2 protein chains.
Amino acid sequence: MKWQQRKSLETQQKLLSAALACLERDGFHNFRLDRVASEANVSKGALTHHFSNKDDLLAHAIEKVLDEFVDALAHGVDEVHAGRLTLDGFLDLMWLHMSGQLYMVTLEIALKARHEPSFRTLLTPQVQSFHERIDAIWQQLFPHLSPARATHLMNLSMNLLRGMGTQSVFRKDAPYFNDLLNGWKAILRQQVAS
Amino acid sequence: MKWQQRKSLETQQKLLSAALACLERDGFHNFRLDRVASEANVSKGALTHHFSNKDDLLAHAIEKVLDEFVDALAHGVDEVHAGRLTLDGFLDLMWLHMSGQLYMVTLEIALKARHEPSFRTLLTPQVQSFHERIDAIWQQLFPHLSPARATHLMNLSMNLLRGMGTQSVFRKDAPYFNDLLNGWKAILRQQVAS
DNA sequence: AAAAACAAACCGTCAAGTCGGTTTTATTTA
DNA sequence: TAAATAAAACCGACTTGACGGTTTGTTTTT
């Protein structure tokens, strides 16, 4: 009970990575199980062996991507406390993730969840946990602010970045988004100071 | 050449409205032509007579929804100039549309466009025109600001609302979004004044 | 030998697009 | 003006391809 377990885990991770890559490249509407399998260099039979169906695979994939985002932010806030990262740098970190694979994948999944109650209930605990962890991280980021105020600023920031991520579907224009982000940094500094 | 033309237009409008309703209810992934036809109380044959294929129907539907949004904003800025609407009220108007059918439909379409170049090129002129018109409206809204500054504030606002619209997929919580919007109104007043 | 990991053929379903046909409206002509 | 012809609007059965899930078979590990 050692070699098999390792092999199994390894195949599952390959499949999850492949699923995320496919989701980002093809979108949920063109997301095909056989493409995931070939992307992961395993057969379709192996895929069904590890994941009972499409929804199951997607749910595990989204879990992975959310965890990675939270881990990155948690690490970011540690860096801020250690004096190795500024608030601006922290926002850059958030934008880096929101403009990458993460956000597009969550967007695809969110729209699926919107129209399929069973899938939404499958995801709800994960999403809830995600928000709670992000919230906790911003509380740590602004220990001198009231928790409610920190949460408010987090929500404004997250939604601005969400919107920018969405717009980036159509507008490929890094300087433009950088300009927006800089504008928001200035406003945020002002809001934190007061 | 009168009666037929009117009938044709009427059927097309029924189909477009039905398409938008289906898109909002079922999502693009579960968007079915026969459902659109039955929702519009016409046959599938009639649908194919008026729209050559699925993409064609969707492109016309999105055109309709964007136009309605621009018209609403153009009317809003007139009301502001006439003194019958405040800046806060204008933002409420924007949020009203962004939290309704419009935004979800554009989101569904945007993700489709992201992964289908042919469809994206079909939409590009419409999206471009949309942005230009929104931009012009905000220039009118803040005639005392520099055009660049007005555009910047517009983009921040639009992206915040976009993000809020996206989050509303998962979080049904009107007071929360109202709170966020109020926070942004205060910041925007400050930005406009300085 | 048993169980796990994997492979690949197979099948049922489902929807987009096609196409021949019908009905309704418009135009021409005798 | 009324018959004849053309054209547009509309209908719905059928084809075709695609994909998710199942099943059966093979190899490898324990």
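Keep in mind that this is a model prediction, so the values were computed, not measured. What you see below is based on every heavy atom in this structure, not just the backbone, and it leaves out hydrogens, waters and symmetry mates. Per chain, numbering begins at 1; letters A, B, ... match sequence-line order.
The CZ atom of B:Arg35 sits 11 Å away from the C1' atom of C:dC14 (whole-angstrom rounding). In this structure, A:Leu9 atom CG and C:dA4 atom C1' are separated by 14 Å, rounded to whole Å. As a whole-Å value, the separation of B:Phe119 CZ from C:dA16 P is 14 Å. With rounding to whole Å, B:Asp56 atom CG is found 16 Å from C:dT18 atom C1'. One can place CG of B:Leu33 at 12 Å from P of C:dT18, the figure rounded to the nearest angstrom. Here the C1' atom of nucleotide C:dA26 and the CZ atom of B:Arg6 are 15 Å apart, to the nearest Å. In this structure, B:Asn30 atom CG and D:dC19 atom C1' are separated by 15 Å, rounded to whole Å. Following rounding to the nearest Å, A:His50 (NE2) and C:dA7 (P) show an atom-to-atom distance of 9 Å.
OP1 or OP2 of C:dA16 has at least one side-chain nitrogen or oxygen of B:Lys54 nearer than 4.0 Å. Phosphate contact (OP1/OP2 of C:dC6, side-chain N/O of A:Thr11, threshold under 4.0 Å): present.
When each of C:dC6, D:dC11, D:dC19 is scored by its nearest atom to the side-chain atoms of A:Ser43, the top-ranked nucleotide is C:dC6. Of the listed nucleotides (D:dC11, C:dC6, D:dG20), D:dC11 has the atom at the smallest distance from the side chain of B:Val42. Listed nucleotides D:dG21, D:dC10, C:dA16 differ in distance to B:Lys44; the shortest reach to its side chain belongs to C:dA16. Distances were taken from every side-chain heavy atom of A:His49 (C-beta onward) to each of D:dC10, C:dA16, C:dA4; the shortest belongs to C:dA4. Taking only side-chain atoms of A:Arg32, from C-beta outward, the nucleotide of C:dA16, C:dC6, D:dC19 with the closest atom is D:dC19.
Here the CG atom belonging to B:Leu58 is positioned 6.0 Å from the CG atom belonging to B:Leu23, to the nearest 0.5 angstrom.
Among the heavy atoms of the strands lying under 4.0 Å from A:Thr48 is at least one base atom, whether or not backbone atoms are also near. At the heavy-atom level, A:Phe31 lies under 4.0 Å from the strands shown only through sugar-phosphate atoms. The residue B:Ser8 sits close only to the backbone: its heavy atoms come under 4.0 Å of sugar-phosphate atoms, none of a base.
No continuous path of ILVMFWY side-chain contacts below 4.5 Å connects A:Met104 to A:Leu96, so the two sit in separate hydrophobic clusters.
Between the side chains of B:His131 and B:Asp135, no donor N or O sits under 3.5 Å from an acceptor N or O. Between the side chains of A:Thr166 and A:Arg162, no donor-acceptor pair of N or O atoms lies under 3.5 Å.
Geometric assessment of B:Arg149 against the ring of B:Phe142 yields a negative cation-pi assignment under the 6.0 Å and 45° thresholds.
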